[in-house]
Engineer: 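Pasting a structure here, questions to come.
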Amino acid sequence: MTNPLLGTLLIGFGLLGAVRPRTVARFEEQLDAIGSKRSWDEVKPAEWKVLLTRGAGIFLVLFGVFVLFDV
């Protein structure tokens, strides 16, 4: 049974992570900086985190297509 809402959300978030991985990784690092002595606008993601974010985004897109179309 397909779930169009879940599939669409997974594809949307996956595309965001696959197309703009540096922006998503930077946002995650800014969330991690809350409560630390470091300013949130000074944080930068490591290259491994950017690559991991892109890989996770591609996986989410593929999984979203699977959920949406019940392949």
Engineer: What residues form a side-chain contact (heavy atoms from CB on, under 4.5 Å) with F27, not counting sequence neighbours?
Structural biologist: Q30, L31
Engineer: Decide yes or no for E47 and R22: does some side-chain heavy atom of the first lie under 4.5 Å from some side-chain heavy atom of the second?
Structural biologist: yes
Engineer: Report whether I11 and F69 are members of the same hydrophobic cluster (ILVMFWY, side-chain heavy atoms less than 4.5 Å apart, transitive linking).
Structural biologist: yes
Engineer: Write down the atom of G17, the atom of V24, and the distance for their closest heavy-atom approach.
Structural biologist: CA-CG2, 4.2 Å
Engineer: Is the side chain of R26 donor-acceptor paired with the backbone N or O of D41 at a distance under 3.5 Å, no angle test?
Structural biologist: yes
Engineer: Grab the two heavy atoms, one from T53 and one from A25, that are nearest each other, plus how far apart they are.
Structural biologist: OG1-CB, 3.8 Å
Engineer: L9 and V61: same hydrophobic cluster, using ILVMFWY side-chain contacts below 4.5 Å?
Structural biologist: no
Engineer: Going by side chain to side chain donor-acceptor pair (under 3.5 Å), name the residues that satisfy it together with R38, two or more places apart in sequence or in a different chain.
Structural biologist: none
Engineer: Do the side chains of L60 and V67 join up, straight or via other hydrophobic residues, at under 4.5 Å, putting them in one cluster?
Structural biologist: yes
Engineer: Quick one: do L10 and F66 end up in the same hydrophobic cluster if we chain Ile, Leu, Val, Met, Phe, Trp and Tyr together by side-chain heavy atoms under 4.5 Å apart?
Structural biologist: yes
Engineer: Let me confirm one number: the CG-CG distance from L5 to L68, rounded to the nearest 0.5 Å.
Structural biologist: 10.5 Å
Engineer: Please check if L6 and F63 belong to a single hydrophobic cluster, counting links between Ile, Leu, Val, Met, Phe, Trp and Tyr side chain heavy atoms closer than 4.5 Å.
Structural biologist: yes
Engineer: Report the residues that fulfil side chain to side chain donor-acceptor pair (under 3.5 Å) with S36, sequence neighbours left out, ordered by chain and then residue number.
Structural biologist: none
